[in-house]
There are 2 protein chains.
Amino acid sequence: MRQLCMPQGLAADEMPKLESLICTARAVRRGEAVYRIGDPFESLYAVRSGSLKTVMAHRGGREQVTGLRLAGEALGLDGISEDRHACSAIALEDSSVCIIPYGALKTMCREVSAMQERLHRLMSEQLIRESAQMMVLGSLSADERVAAFLLDISERNAQRGYSSAEFNLRMTREDMGSYLGMTLETVSRTLSRLQKRGLIDTQGKFIRIVDIEGLRQI
Amino acid sequence: MRQLCMPQGLAADEMPKLESLICTARAVRRGEAVYRIGDPFESLYAVRSGSLKTVMAHRGGREQVTGLRLAGEALGLDGISEDRHACSAIALEDSSVCIIPYGALKTMCREVSAMQERLHRLMSEQLIRESAQMMVLGSLSADERVAAFLLDISERNAQRGYSSAEFNLRMTREDMGSYLGMTLETVSRTLSRLQKRGLIDTQGKFIRIVDIEGLRQI
DNA sequence: CGTGAAATTGAGCATCTTCAAAGTCGGTGG
DNA sequence: CCACCGACTTTGAAGATGCTCAATTTCACG
């Protein structure tokens, strides 16, 4: 469990130092925020269990889901730039996050180069992830967006040792639509269409991928 | 000039160390790549003069412009994650970039905390920038996208001491469309419409913002 | 179980895309 | 220096995709 809070890539003799990152856990109930837009930035977070969405707002109040974080993924990097959070992180189900004080982490990154490396990679990975999502939003049709989304979740589940074929999407159709740049009705229609084509099987938020190759082909 | 390659936030006594970052320049002609998708990652870059676009590709070959870099901005952070570049960086005009060897930068970040801070902020800033672009793509109309784009360029120009009211966009309508998730024809029509409304004045790639408040209002 | 939120489905409509045809610009060679 | 050429831009008209509004139906939670 402790591994979740900045795992992999650390040599054995560096572990004691890792311990100094007093990495306390925090429970968040569904709908609750780990942090909100404008909150002062103090810590990064690692999702320990559950899942969260990140939400940004336009001037004018319109909100959009900009990200989805599953167990094992990092949260809060947006706060570093301006010392306050640029988005809100809302739990999609009762979840638990690991609190990683940024000050301590910085110190550790200066002492342990593997940790520095790991943090850099984490940020770079997220940059790529967001670029990929920009491509989804910028050049895919509704069908393609939904298929790409399901495949992304599937892959991330697989990486974390869960089933890549079936999962419970905790977000609403509206959240999905917001993340994918379409209306909740179009999301619903698209899922129905994919089901009729025999590519997936949906029961509300529970989704099973029947023909993963077919999904990729879209 | 040297400041461009990782400026601000360094105390005077840290300057000598900065010198150890042998930060050579490299000229790139219009259309040429600083790096391409899949190239091994070795350095970060700072745009010294000119401008570049970053481009990603779907499996299937479809390409999309995922970013635009003006003088003074950083380039190449996408390479850290996988030790190879996830996008290509193509010069929009004859440009010059500063090469910052990543290995040396990492070492320096361990020794000089202001440098570490600066790199972290840079990456976080770019994360926010990309999130903001996801919002543009996900929830704005064609008019709003173009307006948001022009205002973004305007603001970035202002920050670098150039005119916020008029500038030469070196990219084609097709590049703009790709970046904004619309066709080149829609970009063109939208610019014409904004001009008829008296908000901007366009002569091909040269654009003057006439009514910045009006643009913001869209 | 009941109840309010979430999801599904339909019909008409707006926006953006596609296809097509001129028109314009920039730069290159005569 | 000018004329030409290809690339880029503009504009139009028709069509497709996804949105809006609305009516049910289903589901999850208390």
Side-chain angles (χ1 to χ4, degrees), chain A residues 29-32 50-51 53 62-65 90-94 136-150 168-197 200-208 218, chain B residues 29-32 53 62-65 90-94 136-150 168-197 200-208 218:
Chain A
R29 303 207 141 274
R30 179 185 139 145
E32 232 185 286
S51 56
K53 63 177 173 181
R62 258 186 302 181
E63 285 196 345
Q64 185 177 328
V65 174
I90 315 282
L92 291 169
E93 58 192 303
D94 293 354
V136 167
L137 292 169
S139 54
L140 299 192
S141 69
D143 284 12
E144 292 171 321
R145 288 181 204 195
V146 171
F149 177 69
L150 296 179
N168 228 314
L169 267 190
R170 304 320 252 269
M171 43 186 5
T172 65
R173 299 291 188 255
E174 182 163 22
D175 283 336
M176 272 181 72
S178 174
Y179 182 57
L180 296 176
M182 49 207 254
T183 60
L184 66 95
E185 292 95 330
T186 302
V187 171
S188 178
R189 273 188 257 272
T190 301
L191 288 172
S192 301
R193 213 175 310 135
L194 295 183
Q195 177 154 24
K196 273 186 201 110
R197 287 216 248 160
I200 62 172
D201 192 18
T202 70
Q203 316 254 4
K205 294 190 164 60
F206 184 82
I207 293 181
R208 194 162 60 84
I218 286 183
Chain B
R29 303 207 140 275
R30 179 184 138 150
E32 231 185 287
K53 64 177 173 181
R62 259 185 302 182
E63 285 196 347
Q64 185 176 329
V65 175
I90 315 282
L92 291 168
E93 59 192 303
D94 293 353
V136 166
L137 293 169
S139 54
L140 299 191
S141 69
D143 284 14
E144 292 171 323
R145 288 181 203 194
V146 171
F149 178 69
L150 295 178
N168 228 315
L169 266 190
R170 302 324 252 270
M171 44 187 4
T172 65
R173 299 290 187 255
E174 182 164 21
D175 282 336
M176 274 181 71
S178 175
Y179 183 55
L180 296 176
M182 50 207 253
T183 60
L184 66 97
E185 293 95 330
T186 303
V187 171
S188 177
R189 273 186 258 270
T190 302
L191 288 172
S192 301
R193 212 175 310 135
L194 295 182
Q195 177 153 21
K196 273 186 201 110
R197 286 214 250 160
I200 63 174
D201 193 17
T202 70
Q203 317 252 7
K205 294 192 165 59
F206 184 81
I207 294 182
R208 195 161 59 82
I218 285 182

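Naming convention: chains lettered A, B, ... in sequence-line order (proteins, then strands); numbering from 1 in each chain.
- One interatomic measurement links the two molecules: NZ of B:Lys196 to P of D:dT10, which rounds to 11 Å at whole-angstrom precision.
- For A:Asp201 against A:Gln195, the heavy-atom pair with the smallest separation is OD1-NE2, 2.9 Å.
- Across the protein-nucleic acid pair, B:Lys205 atom NZ and D:dA7 atom P stand 13 Å apart, rounded to whole Å.
- Nearest heavy atoms, B:Val65 versus B:Ser178: N-OG, 2.8 Å.
- D:dG18 atom C1' lies 15 Å from atom CG of A:Leu137, rounded to whole Å.
- Direction of the helix axis in the helix from C:dC1-D:dG30 to C:dG30-D:dC1 shifts by 50° between the two five-pair termini, rounded to 10°.
- Distances shown here put a side-chain N or O of A:Ser192 below 4.0 Å from the OP1 or OP2 atom of C:dT9.
- The distance from atom CG of A:Leu180 to atom P of D:dG18 is 12 Å, rounded to the nearest whole Å.
- Residues meeting the salt bridge (Lys or Arg N to Asp or Glu O under 4.0 Å) test with B:Glu144, sequence neighbours left out: A:Arg62.
- Comment: A:Asp94 engages A:Arg29 in a salt bridge, judged by a side-chain N to carboxylate O separation of less than 4.0 angstrom.
- No engagement by A:Leu191 is indicated, since no non-hydrogen atom pair under 4.0 Å with the nucleic acid exists.
- Enclosure of atom CZ in B:Arg30 is not indicated, since only 12 or fewer non-hydrogen atoms of other residues, nucleotides or ligands lie within 6.0 angstrom.
- Within the 4.0 angstrom heavy-atom criterion, only backbone atoms of the sugar-phosphate kind lie near A:Thr172; the bases stay farther away.
- Judged as a salt bridge (Lys or Arg N to Asp or Glu O under 4.0 Å), the pairs with a partner in residues 170-181 of chain A (not counting sequence neighbours) are, in order, A:Lys53-A:Asp175, A:Glu93-A:Arg170.
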If you look only at distance, which donor and acceptor atoms sit under 3.5 Å apart when one is on a side chain in residues 184-191 of chain B and the other is two or more places apart or in another chain?
unit_1, atom_1, unit_2, atom_2, d
B:Thr186, OG1, B:Thr183, OG1, 3.0
B:Thr190, OG1, B:Thr186, O, 2.6

Across nucleotides 13-28 of chain C, 5' to 3', mark each nucleotide with B, S or - according to how protein heavy atoms within less than 4.0 Å reach it. ---SBBB---------
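- For A:Arg197, the salt bridge (Lys or Arg N to Asp or Glu O under 4.0 Å) criterion is met by A:Asp143, not counting sequence neighbours.
- For the pair A:Arg170 CZ and C:dA6 P, the computed distance is 15 Å after rounding to whole Å.
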